[in-house]
Amino acid sequence: MNALIPTWIGGDLVAVDKLEAHQRGLRHKAVSVFVMAGEDLLIQRRALGKYHTPGLWANTCCTHPHWGEEPLACAHRRLSEELGISGLTLTHRDQVEYRADVGGGLTEHEVVDMFMCRLPARCALSPNPEEVMDTRWISLNALNAAIRMHPTRYTPWLRIYMAEHAAQIFA
């Protein structure tokens, strides 16, 4: 976990340990990916060994770029590392900022580059069990209904994305 991520301190972009950025609630860079097949979004359930939000459902892939890593390269890297997916054409959808309590005294204050991919059919997956405990393809309507019924089963950022940024992501 000792990755150095791009973080703003006093207006300067500096390299800070990922855990420290979350402990201090520092504003930092992130990446989120959304893979659709037809009308269904691929979501993942975070592995129980994750240091925050273990066992919760999240979008296809989300992470932090390493210091000096471009957001698109980061998105491709994490799709491969988390889900065994490669070769997708990702489209940059937007950049958003949010702040959320993720439990355990940790706060995400993220500036997120969001990427989308629309596939004609579901792709093969090979989830890394250290990162992902389950995956599911779900329609956006069904996901919104599930979040309304059981919000605590979903990561804070997925709830924020679906409530505040769905038009930017899925349009």
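Remember, predicted model here, so these are calculated numbers, not experimental data.
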Test log, rule side-chain contact (heavy atoms from CB on, under 4.5 Å), inputs Leu88 and Leu119: CA-CA 9 Å; Leu88 299 185; Leu119 302 174; 3.7 Å; yes
Distance-only donor-acceptor check, side chains His109 and His28, under 3.5 Å: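 No donor-acceptor contact under 3.5 Å links the two side chains.
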Is it the case that Tyr98 and His165 place a side-chain donor and acceptor less than 3.5 Å from each other?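 No pair is found: no donor N or O on one side chain lies under 3.5 Å from an acceptor on the other.
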Is it the case that over 12 heavy atoms from other parts of the model lie below 6.0 angstrom from the [atom1] atom of [X]?
| X | atom1 | result |
| --- | --- | --- |
| Gln23 | CD | yes |
| Gln95 | CD | yes |
| Glu164 | CD | yes |

Could you walk me through whether Leu79 and Ser86 pass the side-chain contact (heavy atoms from CB on, under 4.5 Å) test, one step at a time? CA-CA 7 Å; Leu79 277 171; Ser86 61; over 6 Å; no
If hydrophobic clusters are built from ILVMFWY residues whose side chains come within less than 4.5 Å, do Val96 and Val102 share one?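 Shared cluster, yes.
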Can Ile160 be reached from Ile138 by stepping across I, L, V, M, F, W or Y side chains whose heavy atoms are under 4.5 Å apart?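 Yes; tracing contacts between hydrophobic side chains, which count when under 4.5 Å, links both residues.
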Drop me the distance from [X]'s [atom1] to [Y]'s [atom2], to the nearest 0.5 angstrom.
| X | Y | atom1 | atom2 | value |
| --- | --- | --- | --- | --- |
| Leu140 | Leu143 | CG | CG | 7.0 Å |
| Ile43 | Cys61 | CD1 | SG | 14.0 Å |
| Cys62 | Met114 | SG | CE | 12.5 Å |
| Glu20 | Thr7 | CD | OG1 | 8.0 Å |

For the rings on Phe115 and Phe34, is their centre-to-centre separation under 6.0 Å?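 Between Phe34 and Phe115, which both carry aromatic rings, the centre distance is not below 6.0 Å.
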For Trp157 and His52, I'd like to know if the aromatic rings sit close, meaning centre-to-centre distance below 6.0 Å.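 When the ring centroids of Trp157 and His52 are compared, they turn out to be within the sub-6.0 Å range.
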Heavy-atom side-chain proximity of [X] to [Y] below 4.5 angstrom:
| X | Y | answer |
| --- | --- | --- |
| Lys29 | Glu69 | no |
| Arg27 | Val111 | yes |
| Leu106 | Leu19 | yes |
| Arg45 | Thr135 | no |

Do Arg153's NZ or CZ and the ring of Trp57 fall within the cation-pi criteria of under 6.0 Å and 45°?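 Not satisfied by the 6.0 Å and 45° rule.
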Could you tell me whether a side-chain N or O of [X] sits under 3.5 Å from a main-chain N or O of [Y], the two making a donor and an acceptor?
| X | Y | result |
| --- | --- | --- |
| Ser139 | Ala142 | yes |
| Thr60 | Leu42 | yes |
| Glu81 | Arg78 | no |
| Arg159 | Tyr154 | yes |

Show your reasoning for whether side-chain contact (heavy atoms from CB on, under 4.5 Å) applies to Thr155 and Arg46. CA-CA 9 Å; Thr155 59; Arg46 293 168 57 83; 3.7 Å; yes
Can you see which heavy atom on Arg93 is nearest to which on Ile169, and at what distance?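 Looking at all heavy atoms of both residues, the closest pair is NE-O, 3.0 Å.
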So His64 and Glu110, side-chain contact (heavy atoms from CB on, under 4.5 Å) or not? Walk me through it. CA-CA 9 Å; His64 304 88; Glu110 305 204 341; 2.8 Å; yes
